[in-house]
J.: 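Sending over a structure as structure tokens; questions will come in a sec.
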Amino acid sequence: MTRKIIAGNWKMNLVHKDAINLISKISDFCESETLNGIEVVIAPTFLDLVEANKITNGKKLNIAAQDCNDQEVGAYTGEVSTEMLKAIDNQIVIIGHSERREYYGDTDEFVNSKLKRVLKTGLIPILCVGESLADRKAGNQEKVVASQLEGALKGLEADDLADLTIAYEPVWAIGTGETASPQQAQDMHQFIRTYLNTNYNAIVSEETSILYGGSVKPDNAKELFSQPDIDGGLIGGASLKYDDFTQLIKIGVEVLR
């Protein structure tokens, strides 16, 4: 059975004081609610991780890092290792986000190396995949996502993927206000699940959580989360607003099963 997850990726937003204040409020909300097994995750900036993990220690809200390096230690200016994350009790890492791929040159090979490092360190990865608008218009969305999955998962066996979460984020719907229709999202989620079944096994396919990301808001979340192969969302802008994000959590509790 897949885990059901509502995750917020804050990207490069909120100074430390504001970030910690919002994390505290969301944590208090989660403590006051019956989440029915829904996992709630926030990914603030690296600057916020130490205090955020202390605030949420032993509580329902989980904290994720937005990225990591693929090396254990060394002369990699500006980078953060998985060992550093583990040392502050951070358990979850987002890798392969489209913005990392587009703006900072993260190739499939680099994402694969990061994923192996995350798994070796015993952390939980959220692997992002998704096609551009040009690929979608050309009808190549499945080919692109399959290539990203193949590259990211290269050299890994089924047993390595027990904790894997995948986030499907159509690049053309990230921060644009555009959203894949529920059917478009479901079709790709089903494709990803079929890929996992074909290339690994039914257990990996059935137990891998696949999240949708791409302008998810309270007014479209219920229909998206109701799709059979959508296990939650990786939320961008709406996760920075307390009212919107807590409403998305409530929708997840209501809809995701």
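The model shown is predicted, which means the values in this text are computed figures rather than measured ones. Starting from 1, each residue takes its place in the sequence as its number.
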J.: Would you say Glu79 has more than 12 foreign heavy atoms packed within less than 6.0 Å of its CD?
T.: yes

J.: Roughly how far, to the nearest 0.5 Å, is the NZ atom of Lys86 from the OG1 atom of Thr121?
T.: 7.0 Å

J.: Report yes or no: do Ile95 and Ile235 belong to one cluster of Ile/Leu/Val/Met/Phe/Trp/Tyr joined by side chain heavy-atom distances under 4.5 Å?
T.: yes

J.: Rounded to the nearest 0.5 Å, what separation is found between the OG atom of Ser209 and the CG atom of Asp229?
T.: 11.5 Å

J.: Transitively linked via ILVMFWY side-chain contacts under 4.5 Å: Leu211 with Leu248?
T.: no

J.: Considering only NZ, NE, NH1 and NH2 on the basic side and carboxylate oxygens on the acidic side, decide whether Lys222 and Glu254 come within less than 4.0 Å.
T.: yes

J.: Could you give the side-chain donor-acceptor pairs of residues 12-20 under 3.5 Å, partners two or more places apart or in another chain?
T.:
from  : atom 1 : to    : atom 2 : distance (Å)
Asn13 : ND2    : Trp10 : O      : 2.9
His16 : ND1    : Asp48 : OD1    : 2.8
His16 : NE2    : Glu51 : OE1    : 2.8

J.: Please walk me through it: do Asp187 and Gln183 pass side-chain hydrogen bond (donor to acceptor under 3.5 Å, both in side chains)?
T.: CA-CA 6 Å; Asp187 288 346; Gln183 190 59 57; 2.7 Å; yes

J.: Judged by atom type as modelled, is there a donor-acceptor pair below 3.5 Å linking the side chain of Lys60 to the main-chain atoms of Glu33?
T.: yes

J.: Salt bridge check: are Arg117 and Glu83 linked by an N-O gap of less than 4.0 Å?
T.: yes

J.: Quick one: pull up CG in Leu85 and CG in Asn69 and give me the separation to the nearest 0.5 Å.
T.: 10.5 Å

J.: Do we see a donor-acceptor contact under 3.5 Å between the side chains of Asn90 and Asn53?
T.: yes

J.: Applying the 4.5 Å side-chain criterion to the ILVMFWY set and letting contacts propagate, would Leu49 and Ile126 be lumped into a single cluster?
T.: no

J.: Going by distance alone, is a donor N or O of one side chain under 3.5 Å from an acceptor N or O of the other, for Gln66 and His97?
T.: no

J.: Taking only residues two or more places apart in sequence, or in another chain, which ones meet Tyr168 in a ring pair (Phe, Tyr, Trp, His ring centres under 6.0 Å)?
T.: His189

J.: Can you find a pair of side-chain heavy atoms, one from Thr208 and one from Ile166, that are under 4.5 Å apart?
T.: yes

J.: May I ask you to establish whether Lys25 and Phe29 are in a cation-pi arrangement, using a distance under 6.0 Å from NZ or CZ to the six-membered ring centre and at most 45° from the ring axis?
T.: no

J.: If I take atom CG from residue Asn62 and atom SG from residue Cys30, how far apart are they, to the nearest 0.5 angstrom?
T.: 8.5 Å

J.: Taking Asp67 first and then Lys114, would you say they form a salt bridge - that is, a charged N and a carboxylate O separated by under 4.0 Å?
T.: yes

